[in-house]
Structure formats: C-alpha cells, structure tokens
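Take a look at the structure below.
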Amino acid sequence: MTYHELVAKVQAALAKADASKVENHIAVQVNVTGEAEGAFYIEISDGVPVAQPFDYNDRDALLTADGAEILNVVQGKVSLEDAIKEGKIAHEGDWDKTVELSSVIPVKKRGRKAAATKAEEVKEKAEAKVEEVKADVKAKAEEVKADVKAKAEEVKEKAEAKVEEVKTAVEAKVEEAKADAPKKRGRKAATATKTTATKTKKTTAKKKK
C-alpha cells in the first residue's frame, strides 16, 4: 500500500462518517511510518470530516503509526482511542479533541464468529491460568512437604543425639560407681576390723583387773 492509496482509503472512510454533532474545530496531523510513509491531516470543520495529504502546522494533536494501524482505525476495526491506549498509535497534543475525533469514526461490531473466537481465546487463557496456578500450588505443596520432612529428620537426629548423650552419661556414672564400690567395701572392712580390735583390747584389760 502506497501513501496515496492510504490517503484515498482514509478519505473514503471519512466520507461515510457522521460528524454533524461535533461543534468544535478539530485538526489532527497523522505521520505515517513504514511502507506508506508520509503525512496527512484529518480535519472536522462545521461538522464535516475531511482528510488532506498535507501537514497541518496549527494542529490540535499529532498521531504517529504504521499505515496499517491507521487504516484499521478509519475502517472501524478498532477505535482510535483504544489503538492509542494499546500503544499501536503514538499520540501528542489535545486528548479531549482526539477522543472526540475517535467518536466520529464508528467501530464495526464483531460478528458471531469473531465473538466465538474471542470467547474461545479467553477460555483457553483462563484454562492455562488455572493449570499454571495448580502447578504452582503443587510445587509449593512439595516444597512445604520437603521442608517438613527435613525438619522432622533434624528433630529426630537431635533427639537421638540427646538420647546417646544421656546414655553415655549414665554409663559413665555406672562405671564410676563400680570403680568406687571396692574402695567403699575396703573402708568398711577396715573400720569393722578396727572396731573388733578395740573391743578385744578392752575385754583383755578387764580380765587383767
């Protein structure tokens, strides 16, 4: 598509537009990039929309976009306002007048087939999102499960270590008690022998008297 072909299509589309309710004067320059590179302007004056292949220095706004995007707008496939918001067309200048221009170009209603396709697309995206969430939940559950298992192993290891520590301490105490037992028995026997000897000595002393 050439620049002149694009301008001709814009002019044809605007010839069908109804701007009778527009009271303001609106002048918007369109800078076309890509294959149909060039500049033209759209003007609404006294309720009549026109397009001319010239620059408009005293303009209200400036639009910049590929020729195909401009054509989509003037042919009613998408509104000018939506195209700007979606970043398909760059905008500078008076936003209110640009929106007013957008209202003049009717957007064609989607057919049943297009609506069904859109609904199917939305459904697929929703299902994909559900699967994504399910996968995230499952991954999170596995992560939590692994953390719990690791924590349980850690607690178990600490408990086993504590049991071994207590067991070792008890065994050491028992061994210590065993080692002290002969000494205690020896002291007890020595005390008993000493007591017996004392008693014998006293008995002998009484007999002598």
- Short side-chain to backbone donor-acceptor contact, Asp60 and Ala27, under 3.5 Å: yes
- Query: Within the side chain of Lys145, is there an N or O that forms a donor-acceptor pair under 3.5 Å with the backbone of Lys140?
  - Reply: no
- Check for a donor-acceptor pair, side chain of Glu86 on one end and backbone N or O of Ala83 on the other, with a separation under 3.5 Å. no
- Message: Quick check for you: to the nearest 0.5 Å, what is the distance between Glu35 atom CD and Thr2 atom OG1?
- Response: 8.0 Å
- Message: Can you confirm whether more than 12 heavy atoms, excluding those of Asp136, are under 6.0 Å from its CG atom?
- Response: yes
- Message: According to a hydrophobic-cluster definition based on side-chain heavy atoms being under 4.5 Å apart (Ile, Leu, Val, Met, Phe, Trp, Tyr only), do Trp95 and Leu63 belong together?
- Response: yes
- Message: Quick one: does any side-chain atom of Asp94 pair with a main-chain N or O of Asp96 as donor and acceptor, under 3.5 Å?
- Response: yes
- Message: Any carboxylate oxygen within less than 4.0 angstrom of a Lys/Arg side-chain nitrogen, looking at Lys138 and Glu142?
- Response: no
- Message: Under 4.5 Å between side-chain heavy atoms, counting indirect links through other Ile/Leu/Val/Met/Phe/Trp/Tyr residues: same cluster for Leu62 and Val99 or not?
- Response: no
- What one should report as the nearest heavy-atom pair of Val74 and Ile105 is O-CG2, 3.8 Å
- Task: Please tell me if the side chains of Val174 and Lys178 come closer than 4.5 Å, counting only heavy atoms from C-beta onward.
- Result: yes
- Ile89, Val107: one ILVMFWY side-chain cluster at the under-4.5 Å cut-off? no
- Does the side chain of Val7 reach to within under 4.5 Å of the side chain of His4, using non-hydrogen atoms? no
- Item | Residue pair Lys97 / His25: nearest heavy atoms and the distance that separates them | NZ-O, 3.1 Å
- Query: Are Met1 and Val32 connected, step by step, through hydrophobic side chains (Ile, Leu, Val, Met, Phe, Trp, Tyr) whose heavy atoms are closer than 4.5 Å?
  - Reply: yes
- Task: Determine whether Val78 and Val73 make a side-chain contact, defined as any pair of heavy atoms from C-beta on separated by less than 4.5 Å.
- Result: yes
- Item | Value rounded to 0.5 Å, distance of CD in Glu164 from CD in Glu171 | 8.5 Å
- Distance col, row Asp46:CG vs Ser20:OG, nearest 0.5 angstrom, shows 12.0 Å
- Query: Is the backbone N or O of Ala51 less than 3.5 Å from a side-chain atom of Gln11, with the two atoms forming a donor-acceptor pair by type?
  - Reply: yes
- Query: Are Val22 and Val104 close enough, and set up right, to give a side-chain contact (heavy atoms from CB on, under 4.5 Å), and what steps lead you there?
  - Reply: CA-CA 8 Å; Val22 178; Val104 170; 3.6 Å; yes
- Message: Please identify which of these residues, Ile42, Leu80, Val30, meets the side chain to side chain contact (heavy atoms under 4.5 Å, CB included) condition with Ile70.
- Response: Val30
- Query: If you take all heavy atoms of Ala19 and Pro49, which pair is closest and at what distance?
  - Reply: CB-CD, 3.9 Å
- Query: In terms of hydrophobic clusters joined by side-chain contacts under 4.5 Å, are Leu14 and Tyr41 together?
  - Reply: no
- Taking every heavy atom of Glu81 against every heavy atom of Ser102, the minimum-distance pair comes out as N-OG, 3.3 Å
- For Thr98 and His91, work out which heavy atoms get closest and say how close. OG1-NE2, 2.8 Å
- So, the side chain of Asn24 versus the backbone of Ile26: is there a donor-acceptor pair under 3.5 Å, distance only? no
- Task: Classify the ring geometry between Phe40 and Tyr3 as parallel (under 30°), tilted (30 to 60°) or perpendicular (over 60°).
- Result: tilted
- Task: Search all heavy atoms of Gln29 against all heavy atoms of Asn31 and return the closest pair with its distance.
- Result: NE2-OD1, 2.9 Å
- Message: To the nearest 0.5 Å, what is the distance between CG on Asp66 and CD on Glu37?
- Response: 10.5 Å
- Message: In the structure I gave you, are the side-chain heavy atoms of Lys158 and Glu154 within less than 4.5 Å of one another anywhere?
- Response: yes
- Any chance you could measure Lys77, atom NZ, to Glu69, atom CD, to the nearest 0.5 Å? 10.5 Å
